[in-house]
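Each chain gets a letter, A, B and so on, in the order its sequence line appears, and its residues count up from 1.
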Number of protein chains: 2
Amino acid sequence: MATIYDVSVLAGVSLATVSRVMNNNTKVSEKTRQKVLSAMDQLGYRPNTIAQSLASSRSNSVGVLVSQLDGPYYGPMMTEIETALRAGNKHVIIAADHSVESQEKDGVEFLMSRGCDALILDVEAVDDEYLINLHKGNTPIVLINRYIEEISDCCVYLDNELGGYLATKHILSQGHTDLAYVSGPLYKLDAQDRLLGHKRALKEFNVDFDKTLFYEGNFREFGGSDAMNHLFTIDKPFTAVVCASDQMASGAIAVCLEKGMKIPEELSFVGYDNIPFPQYISPKLTTVNNPIHEMGKMAAFWVLKHVYNDPKAIVENTFIPQLIVRDSATSPHK
Amino acid sequence: MATIYDVSVLAGVSLATVSRVMNNNTKVSEKTRQKVLSAMDQLGYRPNTIAQSLASSRSNSVGVLVSQLDGPYYGPMMTEIETALRAGNKHVIIAADHSVESQEKDGVEFLMSRGCDALILDVEAVDDEYLINLHKGNTPIVLINRYIEEISDCCVYLDNELGGYLATKHILSQGHTDLAYVSGPLYKLDAQDRLLGHKRALKEFNVDFDKTLFYEGNFREFGGSDAMNHLFTIDKPFTAVVCASDQMASGAIAVCLEKGMKIPEELSFVGYDNIPFPQYISPKLTTVNNPIHEMGKMAAFWVLKHVYNDPKAIVENTFIPQLIVRDSATSPHK
DNA sequence: CTGTTAGCGCGTTCAT
DNA sequence: ATGAACGCGCTAACAG
């Protein structure tokens, strides 16, 4: 690999000049600039980014920490982050914790020691205080899917309470009064907020929240299956089930279809997230849009703007969920 | 951030000694070793990996290039790669091309200039020659999902021809003789191989391949929908459709269910990949297992073994697909 | 506008 | 077993 030195010799200029044309901060005469450029070209020169980082104490890489890399949720988010950052010529270093506190902290340390210029975090196990402290450090952080008042400027999040409200309101508006609710794990903030929204809608329609028709799942497909299997054993009628994720809704619907039930005629469903797959099954899932890819992009833009001073990056912090009506919910059959 | 120098001062030893206890190559007396260790501890010292890389010309990071980050396919693969590599204390730098040749080459350059110790590539647009040349370079590469004879030792792949054969054989064994085939894009090798396997099974059962019942999709859900919409317009009977991916199978089945058809009674389906989702819909999809996460792990192990000399990493290159029988295919109704 | 020089933090010879 | 000194490839003052 050719170095900056080789280039300088071939071009007949000094080391510094070569560096200048690369970073075009300072003025360089057009003539020497061309000499350098052609020398770089001849040698097939590629700057050693490691050395650049060490000298400039800037790694041009941003760390991304998420709980998992698979699933319909993080994939699109990662895609947008990578695309946005690479367009700005930055790299993405990823790490996965598994919603385990120690691993989340580990991941942060790991990325920081790698000299990341900033961290994009989608963490749920660590507490607010830890993040507030982290925010005071030298490495800028941006939080996806989490709102902390004290550091709200670096939070990119969805109004999950509103989303929960919209989903349940849609069901109630169609005349249902006996609703089951399949929640996500309640240690997660988004699960909590969605439930809050659910309850608000209930109150608005003067429908009582029925604890026995509540099930805490894990956001995954089998969480939904488990929920239905449970709900069918207890002896309470219900005409609709509100699910806190599309994956759970899908798992739940599958159980019903297995039993030969007609959906939505016998039972209505709403999901949450608007992941691609349930658009392609029957019945097409009515759900709430979770613009996770947009949030990924915004987190990347936040970094581009605040860390790399990219003026083109405009960021939006708050996202508003929208109801997406498809075929899985209808009025209750009497 | 404390540096190696700070540690050396606090411990009352030289710079070199600190470096020695970190890399414990050379012998250090137990006494000084402890002094250094405690000094590091007190300062909360974390080595600057950038500096380590520059000095040792080893970045401890491996580049991963895939066509996309989302979808049920790459997520699990990335998860395994990240897990395996991080266990070996290596980082993952990711880049996404979009199956576009120029972007694939760009991605490779990008990762190499970042000083990656090795590259894990899941590329499909560049030709064999390019990869063979790359293989001659200084940066080791390992290919996922691609077999190139000349560099077979660094290929991790699935026998897609066999998978295609198994899927179709399963259908034929149940008595179907009129099969439609929904293929992936034929510029992709795996799509080609699956089709080859399909044809081999056909020949074995003395069934002619019917070009009019062939559709080239894009591996995605709507590719399957498009296929069915097309197949229903042409006036040819068929009792089963073999799909080259689960996503296409799902899209195809959805179209049928919309029309009120009974699956598999009126039409049988086989998929390919064994992604999670179609296990949770009705009917549960019969498919061929594609151990993509295993392949990701093996690629990581390959790097651990050949690049970082990890003796614990044992690697397997070839993977054998298996038929997974569920509910979407049955004998044809007469 | 351009060249000289001193680090960035660490690994690695050489001596001792 | 340990320390001094040099170099990895590049950026960033500081001169000129």
*To the nearest 10°, let me know how far the axis at one end of the helix from C:dC1-D:dG16 to C:dT16-D:dA1 is tilted from the axis at the other, five pairs an end.*
40°
Pairing residues for [X] by the ring pair (Phe, Tyr, Trp, His ring centres under 6.0 Å) criterion, not counting sequence neighbours:
{"X": "A:F319", "value": "none"}
{"X": "A:H306", "value": "A:W302"}
{"X": "A:F110", "value": "B:H91"}
{"X": "B:Y308", "value": "none"}

_Euclidean distance, atom NZ of residue B:K31 to atom C1' of D:dA1 [Å, nearest integer]_ = 12 Å
Side-chain contact, heavy-atom cut-off 4.5 Å: [X] with [Y]?
{"X": "B:L131", "Y": "B:V123", "answer": "yes"}
{"X": "B:L121", "Y": "B:V142", "answer": "no"}
{"X": "A:V62", "Y": "A:V92", "answer": "no"}

*Outermost nucleotides of DNA chain C that come under 4.0 Å of a non-hydrogen atom of chain B*: C:dG9 to C:dT13
*Check every strand shown and say whether B:S57 touches a base, only sugar-phosphate, or nothing at a heavy-atom separation below 4.0 Å.*
nothing
*Can you tell me which residue pairs pass the side-chain hydrogen bond (donor to acceptor under 3.5 Å, both in side chains) test with a partner in residues 7-20 of chain A, sequence neighbours excluded?*
A:S14-A:T17, A:S19-A:N23
*side-chain hydrogen bond (donor to acceptor under 3.5 Å, both in side chains): pairs with one or both residues in residues 132-145 of chain A, sequence neighbours excluded*: A:Y73-A:N145
*Mind running a 4.0 Å heavy-atom check of residues 32-41 of chain A against DNA chain D and sending the residues that fall below it, in number order?*
none
N/O to N/O distances under 3.5 Å, protein versus nucleotides 11-13 of chain D:
from, atom 1, to, atom 2, distance (Å)
D:dT11, OP1, A:N23, ND2, 3.4
D:dT11, OP1, A:Q52, NE2, 3.1
D:dT11, OP2, A:S19, OG, 2.8

_Can you confirm whether the side chains of A:D97 and A:S67 place a donor and an acceptor under 3.5 Å from each other?_
no
_Given 3.5 Å as the limit, does a donor-acceptor pair link the side chain of A:E80 with the main chain of A:H293, or not?_
no
*Check salt bridge (charged side-chain N to carboxylate O under 4.0 Å, His left out) between A:E109 and all other residues, then give those that pass, not counting sequence neighbours.*
B:R46
*Excluding sequence neighbours, so at least two apart, what forms salt bridge (charged side-chain N to carboxylate O under 4.0 Å, His left out) with A:E124?*
A:K188
